[in-house]
Amino acid sequence: MRKTALSIMTGAFVVAAATLTATPGYAASVPTSLPPGQFTLTSTYHQFDAVNDALVATLGTAAVHTVMDNANHDREAITDSLGLAGYVGGFAFDRGDTGDSGDSGDNNDCANWPQGITTSRDAVGTAGGGTYDGHQLILVSWYTTDGCDGAQSRSRITLVDWDADYPNKYRKILLVEPTGTAAAPTFKDIPIHAGGVSWYGDYLYVADTGRGMRVFDLRKILKTNTGGTAGQIGRQPDGTYYAHNYAYVLPQIGVVTAGTTSGTPLAWSTISLDRVSGSIVMAEYTCQSGCSGYPNRAPRAIRFPFASGATTFAATTTASEALQLPWYKLNGVASHNGRWWFNSSGAKQLYYWTPSTGARTHGWVGGGESISYWEDATNPDLLWSLQETRGHRNVFAVEQASYGP
């Protein structure tokens, strides 16, 4: 979150030889409970209905399988030795291809930074082999800056095929906010950090650091004109729609806004889906001291339940669990069956905790970002994560059982 090869799958997952041999250590302290009633969400899924309906009518939509049929970037083998316990494998982003948006080499791009991760297993569970629209997918959120050291200017996602039946390809999709009117619909960039992402059913939830989450619907991917200049976005005077040369955009459909009576607003640094409890968990990136761009205080992790039996939040939602954490510089969080994992990019550690077993500390990668729990009906469950470090943008999986009590 700060700038700072699965052996490519040909069938079942293969456990790599490189593993940590050190015994995980006990953490010095543990999370403590906070009053969950202090934290609430207010949700709407229809904020942009009129404009979105007009955009769909004007541009037409592309199903996920169509997007993947037109995937134009190669995912590559991991060449770094990650040295992780329970390592299964993964992939790296392309090291020199040129495609949407005119950038070259996603692995080393200084203006685009991978952050959040979710998968089609989040979206649909283990049903049908965890496929969405016929594809088993890894989805990563990114933020874009103006040049190598500029301000955040937009955000995007990548859809990556993770299935032996399909090419090792991925496609980029620009995230946009609808604007204009139903008579003249258009859209604009979303300049957020996109530090976490969760896919549940057809809905995509993207963390918006100071606000909560923005909501998208993967059934509403729009087709745009790849012409124009790299700087053009939205409806042009001649009625053409450009999107920085992207072929596809995903328009926002709603927003989930966070509120608190604790006196300290939440920093939505990272999120993850817990399918077991039907909830999203979030965590904050904070510093113990000395940070100028981030809070200097203990971080919190909060669980917000979806409406019963739904993949959407109720109009108003109260947290079902709230924790104050003893760890800092947290870029990743995951929870499943009452277990929690927290990734600290600053400490290069993955912390595991349950109230009954206590906390354990495991070695982790540098530049680590968000975490997604991958449930499997026939193979070991996994934790997927990624690195943002330029030149080492690996997306990888480990067996979750290696990171427990």
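Sequential numbering from 1 along the given sequence is applied to the chain's residues.
A donor-acceptor contact shorter than 3.5 Å is absent between the side chain of E375 and the backbone of T126. Formation of a donor-acceptor pair under 3.5 Å by the S344 side chain with backbone atoms of L330 is not found in this model.
D238 meets the side-chain hydrogen bond (donor to acceptor under 3.5 Å, both in side chains) test with T240; sequence neighbours excluded. W142 is linked by a ring pair (Phe, Tyr, Trp, His ring centres under 6.0 Å) to F93, counting only residues two or more places apart in sequence or in another chain. In terms of the side chain to side chain contact (heavy atoms under 4.5 Å, CB included) criterion, residue partners of S120 (sequence neighbours excluded) are, by chain and number, Y132, Q136, L137, W199. Considering only residues two or more places apart in sequence or on other chains, T181 meets the side chain to side chain contact (heavy atoms under 4.5 Å, CB included) condition with A183, A184. By the ring pair (Phe, Tyr, Trp, His ring centres under 6.0 Å) test, H392 is found to be paired with no residue, residues two or more places apart in sequence or in another chain being considered. Shown here are the side chain to side chain contact (heavy atoms under 4.5 Å, CB included) partners of A315, two or more places apart in sequence or in another chain: there are none. Residues meeting the side chain to side chain contact (heavy atoms under 4.5 Å, CB included) test with T286, sequence neighbours left out: E284, P295, R297, P299, Y328.
Note on residues 33-71: pairs passing ring pair (Phe, Tyr, Trp, His ring centres under 6.0 Å), not counting sequence neighbours, are Y45-Y203. The stretch residues 50-61 participates, sequence neighbours left out, in no side chain to side chain donor-acceptor pair (under 3.5 Å) pair at all. Within the structure, disulfide (SG to SG under 2.5 Å) pairs that include any residue of residues 224-340 comprise C287-C291 (at least two apart or interchain). Residue pairs that meet the salt bridge (Lys or Arg N to Asp or Glu O under 4.0 Å) test with at least one member in residues 315-342, sequence neighbours left out, are R303-E321.
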Apply salt bridge (charged side-chain N to carboxylate O under 4.0 Å, His left out) to residues E76 and R95 and explain how you reach the verdict.
CA-CA 8 Å; E76 303 185 19; R95 295 182 173 90; 2.7 Å; yes
Full working for ring-ring contact (aromatic ring centres under 6.0 Å, His included) between Y351 and W353:
CA-CA 7 Å; Y351 306 107; W353 175 77; over 10 Å; no
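The aromatic rings of F306 and F313 sit parallel, their planes meeting at an angle under 30°, below the 60° perpendicular limit.
Ring to ring, Y170 and F91 are not that close: their centroids are 6.0 angstrom or more apart. Two rings, from Y403 and Y352, have their centers 6.0 Å or more apart.
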Which atom pairs, donor and acceptor, lie under 3.5 Å between side-chain atoms of residues 249-260 and protein residues at least two apart or in another chain?
{"unit_1": "Q252", "atom_1": "OE1", "unit_2": "R214", "atom_2": "NH1", "d": "3.1"}
{"unit_1": "Q252", "atom_1": "NE2", "unit_2": "G254", "atom_2": "O", "d": "2.8"}
{"unit_1": "T260", "atom_1": "OG1", "unit_2": "Q38", "atom_2": "O", "d": "3.0"}
{"unit_1": "T260", "atom_1": "OG1", "unit_2": "S262", "atom_2": "N", "d": "3.0"}
{"unit_1": "T260", "atom_1": "OG1", "unit_2": "S262", "atom_2": "OG", "d": "2.8"}

